[in-house]
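Here the structure comes first, spelled out in structure tokens, and everything after it is commentary.
All ligand and atom numbering here is 1-based and tracks the order in the structure. The model shown is predicted, which means the values in this text are computed figures rather than measured ones.
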Amino acid sequence: MKHIATAFTGVVVLLAPLAVLAADTASRDLTFTKDVAPIFQKSCQSCHHPGTSAPMSFITYQDVRPWARSIKERVMRREMPPWHLDKTVGIREFKNDISLSDQEIDTIVRWIDGGAKQGDPKDMPPPLTFRSEDEWFIGKPDLVVTFDKEQVMYAKGPDWWIDKFGETGLTEDRWIKAMQVKPGNAKIVHHAVTSQIPPEGADLSSVFGGELNEYAVGKYGDTFPEGTGRLLKAGSRIRFDMHYFAIGEEQRDKTSIAFIFYPKGYVPKNQVQVLNFRNLPNDELEIPANSTVRHDGYFRLPRPARIDIFQPHMHMRGRGMTLESLNLDNTRTVISSVDHFDFNWHISYIYKDDVAPLLPAGTVLHAIAIHDNTAANRRNPDPNMWAGYGERSVDDMLQLRLHIVYLDEAEYQRLAAERNAKITATATTGNQQP
Ligand code: HEC
């Protein structure tokens with residue numbers, strides 16, 4: 001468990017070399033237009049542009065300059081862009097990686113330390129155009145489901161978590177190829193998590209977990225690989241688990257989810273299951289006052305499997321979560337570790353196809369969760385209070401949500417052989433397969 005010891009001190013270790021570097025080269029003049037604007041275009045503006053729920057726009061120098069100090073802090077702590085993995089362990093390649101490289105962080109920090117100069121406007125890269133939030137990024141939907149009742153959000157007050165409902169009106173089961181949640185009012189929707197509630201008495205043998213898709217700023221829906229899907233049951237309702245924030249004037253919202261289905265009668269070969277790591281002892285979650293605690297969960301794979309997505313879920317005391325495999329040859333492999341969890345963000349880490357963990361039957365998945373109930377945790381609502389499992393955000397949780405595809409033995413053998421053939425090329429990812 002060596003990596004755990006380093007994983008949670010990683011931030012401290014990381015800042016030191018950057019500071020040294022900054023001091024060394026601070027004399028070189030970095031400018032916004034030449035050095036920083038390209039990084040902001042690539043890594044910040046997809047969210048920080050007008051019309052999204054990100055609280056400020058980072059397009060022009062004038063937009064950015066007043067935020068310089070806060071930007072420095074957020075990028076050095078690796079809180080922005082939101083990507084909370086320990087990048088030094090486990091799998092390194094993700095389809096949705098929006099993180100900054102060490103080099104980019106260094107450039108931003110040196111630019112700010114050097115006075116955050118604008119530079120020559122002629123160096124400015126041409127402005128980006130943004131996809132309209134009105135578009136469905138997955139393509140033209142077959143079905144759109146929205147709330148029965150519009151939500152009215154107050155002008156001033158704390159964040160509001162509320163469940164809303166809508167009907168699918170589906171009269172037969174359908175296999176989902178793609179789905180996307182879109183906020184009705186992006187200014188106030190922080191995130192929206194959807195799940196299906198099948199009608200009572202429905203045969204749930206192929207449903208595998210109710211959670212569907214999630215919206216958070218910067219997310220553009222799920223499209224499953226060809227031949228892979230999820231089942232939406234006839235007569236299902238959709239639950240929208242909404243997180244709103246107040247922006248100073250009353251607002252209204254009707255968030256929706258869109259689906260693209262496989263043709264009627266087509267059953268995809270592989271079904272994506274949402275494995276919510278239920279074996280983590282939810283009801284035993286014990287977080288005494290002024291303490292940092294660890295909980296462990298285990299899940300033995302009944303069949304060979306591929307893990308496509310890793311997503312820890314905790315609340316305000318959540319600090320980190322690690323997934324490792326306990327392999328059949330008695331070795332263990334760290335798969336992924338979030339070391340600076342932030343409850344504001346529900347990030348799905350989507351593995352690239354070539355590195356998505358491919359595990360034989362009998363492998364044990366081991367999840368390690370760390371909750372920090374001390375005053376050192378800035379988000380902690382009250383370090384003097386015991387916390388346990390609960391839905392409210394002042395209570396806590398621990399869940400590891402994985403998208404997992406079970407494979408038959410022959411397909412597993414085939415994919416493992418393909419992977420082994422490539423293994424020399426991917427040795428640098430640090431993901432050794434048994
Ligand atoms: C995926 C969307 C997304 C991306 C990408 C993103 N941000 Fe943010 N950012 C947000 C949202 C939403 C908030 C407000 C909520 C929060 O603080 O977490 C925010 C808040 C911030 C803040 C805090 C401002 C304050 O209140 O002091 C800073 C600074 C910031 N972002 C900088 C950046 C920078 C710099 C980048 C790129 C290197 C970036 N962000 C990329 C969505 C994003």
Side-chain angles (χ1 to χ4, degrees), residues 14 18 30 32-33 35-85 87 94-113 116 125 128 130-131 133 137 158-161 180-183 185-193 213-221 242-248 251 253 311 314-316 318 338 340-350 377-379 393:
L14 181 102
L18 280 180
L30 296 177
F32 180 75
T33 54
D35 304 292
V36 173
I39 301 174
F40 277 32
Q41 285 195 342
K42 178 179 75 70
S43 302
C44 317
Q45 292 181 1
S46 65
C47 298
H48 288 278
H49 71 260
T52 73
S53 72
M56 67 287 298
S57 169
F58 286 153
I59 295 185
T60 66
Y61 177 73
Q62 286 69 26
D63 290 340
V64 171
R65 182 65 187 89
W67 295 99
R69 179 183 229 175
S70 171
I71 289 170
K72 177 177 165 183
E73 227 169 74
R74 294 289 194 115
V75 301
M76 285 182 79
R77 286 204 222 111
R78 294 182 182 271
E79 291 173 353
M80 279 289 149
W83 187 262
H84 304 130
L85 279 182
K87 300 213 291 183
F94 298 86
K95 290 181 179 171
N96 60 334
D97 190 348
I98 53 169
S99 64
L100 295 173
S101 66
D102 291 353
Q103 174 80 51
E104 289 168 329
I105 295 175
D106 178 53
T107 300
I108 295 171
V109 170
R110 279 165 53 209
W111 168 68
I112 292 166
D113 288 345
L128 301 182
F130 300 100
R131 304 203 252 189
E133 300 285 324
F137 298 121
D159 290 13
W160 191 358
W161 284 264
Q180 183 197 343
V181 177
K182 195 167 68 177
N185 182 345
K187 284 190 287 202
I188 57 165
V189 177
H190 188 286
H191 73 257
V193 183
N213 183 245
E214 174 187 59
Y215 164 80
V217 60
K219 280 195 172 178
Y220 302 106
M242 302 297 301
H243 173 185
Y244 290 108
F245 51 136
I247 59 164
Q251 294 280 320
D253 172 61
Q311 179 185 7
M314 312 162 94
H315 286 177
M316 292 167 172
V338 156
H340 52 298
F341 181 81
D342 178 347
F343 170 59
N344 266 320
W345 291 97
H346 298 254
I347 303 171
S348 296
Y349 299 92
I350 308 173
N377 174 358
R378 287 177 301 130
R379 277 178 279 275
S393 48

Task: Within-4.5 Å side-chain heavy-atom neighbours: Asp35 and Trp111 - done: no
Task: ligand 1 atoms in contact with Pro81 (distance to a heavy atom under 4.0 Å) - done: 5 (C), 38 (C), 41 (C)
TODO: Report yes if the side chains of Ile347 and Trp83 come closer than 4.5 Å at any heavy-atom pair, otherwise no.
DONE: yes
Task: salt_bridge(Lys72, Asp113) N-O dist < 4.0 Å - done: yes
Open item on the list: Please state which option from Ser46, Ser43, Cys47 has its nearest heavy atom closest to atom 41 (C) of ligand 1.
Closed with: Ser43
Task: ligand 1 contact on Glu79 by region, counting heavy-atom pairs under 4.0 Å - done: neither
Task: Option whose closest heavy atom lies nearest to atom 6 (C) of ligand 1, chosen from His48, Arg74, Arg69 - done: His48
TODO: Before signing off on this row, confirm whether Ser70 and ligand 1 have an N or O atom pair separated by under 3.5 Å.
DONE: yes
Open item on the list: If the contact criterion is a heavy-atom separation under 4.0 Å, does Met56 count as touching ligand 1?
Closed with: yes
Open item on the list: To the nearest 0.5 Å, what is the distance between CE on Met316 and CZ on Phe341?
Closed with: 11.0 Å
TODO: Taking the side chain as every heavy atom from C-beta outward, state whether Gln251 and Lys187 have any pair of such atoms under 4.5 Å apart.
DONE: yes
Task: Test applied, side chain to side chain donor-acceptor pair (under 3.5 Å); reference residue, Tyr244; option that passes from Asn185, Asp253, Asp159 - done: Asp253
Task: Where ligand 1 meets Ile71 - atom numbers and elements under 4.0 angstrom, heavy-atom basis - done: 29 (C), 35 (C)
